[in-house]
Amino acid sequence: MRLSRYFLPILRETPKEAQIVSHRLMLRAGMIRQETAGIYAWLPLGHRVLTKICNIIREEQDRAGAVELLMPTIQPADLWRESGRYDDYGKEMLRIQDRHERDMLFGPTNEEMITEIFRGSARSYKDLPLNLYHIQWKFRDEVRPRFGVMRSREFLMKDAYSFDLDVASSVHSYNQMFAAYLRTFARLGLKAIPMRADTGPIGGKLSHEFIILASTGESEVFCHKDFLGYEAPPESTPFEDRAAMQSLFDHWTAKYAATSEMHDETAWSKIPEAERVTARGIEVGHIFHFGTKYSEPMKAVVNGPDGKEVPVQMGSYGIGPSRLAAAIIEASHDENGIIWPDAVAPFHVGIANLKAGDAATDAACVDLYAKLGRTGLDVLYDDRDERPGAKFATLDLIGLPWQVVIGPKGLAEGKIELKNRRTGLKDTLSPDEVFNKLQQFSQTMAKQA
RNA sequence: CGGGGCAUAGCGCAGCCCGGUAGCGCAUCUGCUUUGGGAGCAGAGGGUCGCAAGUUCGAAUCUUGCUGCCCCGACCA
């Protein structure tokens, strides 16, 4: 993409309403624009990041055996009257009426609807296990939206719902999602720690929150230091192997980890001081096993092998991609701007043309831009007629992993510069050497996916 | 939902106390000179001063009502 033809409304000054670093940087980098309280438009750069996050989530959901569909944002109230949550949910639910004065709502979550879809078609235990997910906009009319897309009213959520015949297989479904989440967050460049969670209004017994550590996190968290060294499950994880999934789960939940709501001072005090980690955290995922909470009232039943009808065992599994975009920035930035992990960077490489209009410089830029494009890398070519300083500042702000700096001075000696945004290390190389290094990077990226 | 604050050009702000028809920096546009870490000079464009009433010869400024947004707390992917 040529920057001169892109839409990247960078702000030099920080809008005063933005308090936390991710909000400030997202606004300054032209990723989002607030339309009203807690509701944001995703501008091109932000949209690219959001799309990449969603695609990684999607790949890992699919790998774990979940199946994608898409449910609507608007739901009929009657569905929620069946589960009893129409009255329970309170003012967080945005309630609306259509022209026939039928009660509708903008979905804050989809347990009722997925249960309705399931019961409409599934009749037999042979239809199980089943895990359906979608990535769709949700609306929760928060009393006080804040922190940009971190706590917005409208937000994107991946929500998966599992259906099983009995508790044991339902726990296996839970474990599969547990492992999928660990992989997902690791691929997003995040260190996420699962913590036992309160089940809240969704209900159920078994529940974990996935928390990433960030100094600006909203809640205080407590965990054993061993978590910091745990490796996410590999691509070869045997998702169908019940015993293997259970031991993976057991391994990840053996040590102490809790948010402040679930914190147990007695258990905590038994851990040696040197092994305790107290930090701030951001919740980026939440999974629940809630049994028959919805299947029973909503009559989502199947015939078992014995011919008897049984309500299915269910669980739900949520990740907020829009919140993740902000959370990643909270966990990865410096004073100059964002530092994107490779996998979610809106572009992998930024080429700064230090003297647009200079024939030799233009030619060198265009040549590298075209060649890199053919490797499959996403390249942003800053071909604007701006001063070098402005281009460096822009590239640092938007946080692309690699910066290629091409100017007449270096070119006179056949050299251009390759800078790594994260380390800040700069290499002065020939254009071919830069191309080879980035091609290598491209191949490494492809392997990680 | 309780408490507090703000609303003037795309962004950041001044002007308001003490009424006289709007200004600064950045950004934008034009020209020239510049070009390796947010350039200089010259010129230009852009504002129903959140909305509505009221007071007044005259309201960004005073009064009242409304709306929006932000912050702090309790609650949440």
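Given the structure is predicted, the values throughout are model-derived calculations rather than measurements. By convention in this document, chain letters (A, B, ...) are assigned in the order of the sequence lines, proteins followed by strands, and residues within each chain are numbered from 1.
- Between A:Phe239 and A:Ala180 the shortest heavy-atom distance is CE2-N, 3.9 Å.
- Among the nucleotides B:G38, B:U34, B:G36, the one closest to any side-chain atom of A:Ala393 is B:G38.
- Between B:G36, B:G12, B:A77, one nucleotide has an atom nearer to the side chain of A:Glu17 than all others, and that is B:G12.
- Across the strands present, B:C29 finds its partner in B:G43; the criterion is a Watson-Crick or G-U wobble pair with both atom distances under 3.5 angstrom.
- For A:Arg387 and B:G38, the shortest distance from a side-chain N or O to OP1 or OP2 is not below 4.0 Å.
- Nearest nucleotide to the A:Ala390 side chain, out of B:G36, B:G38, B:A39: B:G38.
- Taking the P atom of each, B:G12 and B:U55 are spaced 36 Å apart, rounded to whole Å.
- Picking from B:U35, B:C76, B:C69 the nucleotide with the shortest atom distance to the side chain of A:Thr36 gives B:C69.
- Looking at A:Arg146, its side chain has no donor and acceptor atom pair within 3.5 Å of the base of B:C71.
- Toward the 5′ end of RNA chain B lies the nearest nucleotide of A:Glu417, the other residue of the pair A:Arg144 and A:Glu417 mapping further downstream.
- Side-chain proximity of A:Phe392 to the nucleotides B:A27, B:U28, B:G36 is greatest for B:G36.
- When heavy atoms are screened at a 4.0 angstrom cut-off, A:Asp358 is found touching no nucleic acid atom at all.
- Residue A:Gln19 is classed as a sugar-phosphate contact, given heavy-atom separations below 4.0 Å to backbone atoms only.
- Taking the side chain of A:Val143 as heavy atoms from C-beta on, and the options B:C26, B:C1, B:U35, the nearest nucleotide is B:C1.
- For B:G38, its base sits under 3.5 Å from the side chain of A:Arg28 at one donor and acceptor pair at least.
- Note on ring orientation: taking the six-membered ring where Trp is involved, the planes of A:Tyr6 and A:Phe347 are perpendicular (angle over 60°, cut-offs 30° and 60°).
- Using a 4.0 Å heavy-atom cutoff across all strands shown, A:Thr361 reaches no nucleic acid atom at all.
- No engagement by A:Lys415 is indicated, since no non-hydrogen atom pair under 4.0 Å with the nucleic acid exists.
- Using a 4.0 Å heavy-atom criterion, one finds that A:Glu92 contacts no nucleic acid atom at all.
- Counting distance only, with no hydrogens placed and no angle test, the side-chain atoms of A:Glu386 and the base atoms of B:G38 include no donor-acceptor pair under 3.5 Å.
- Side-chain contact between A:Ile20 and A:Glu330 is present, with at least one heavy-atom pair separated by less than 4.5 Å.
- Pairing for B:U35 is absent, with no Watson-Crick or G-U wobble pair whose two atom distances lie under 3.5 Å.
- Remark: the backbone N or O of A:Glu433 is paired with a side-chain donor or acceptor of A:Ser430 at under 3.5 angstrom.
- Closest-nucleotide positions on RNA chain B for A:Arg33 and A:Leu354 were compared, and the one nearer the 5' end corresponds to A:Arg33.
- On the C1' atoms, B:C24 is 14 Å away from B:G47, given to the nearest whole Å.
- Only the P atoms considered, B:C17 is 14 Å distant from B:A59, to the nearest whole Å.
- Within 4.0 Å of A:Thr14, counting heavy atoms only, lie sugar-phosphate atoms of the nucleic acid but no base atom.
- When heavy atoms are screened at a 4.0 angstrom cut-off, A:Lys158 is found touching no nucleic acid atom at all.
- As a whole-Å value, the separation of A:Ile39 CD1 from B:G68 C1' is 13 Å.
- For A:Lys16, counting side-chain heavy atoms from C-beta on, the closest listed nucleotide (B:A77, B:C6, B:C70) is B:C6.
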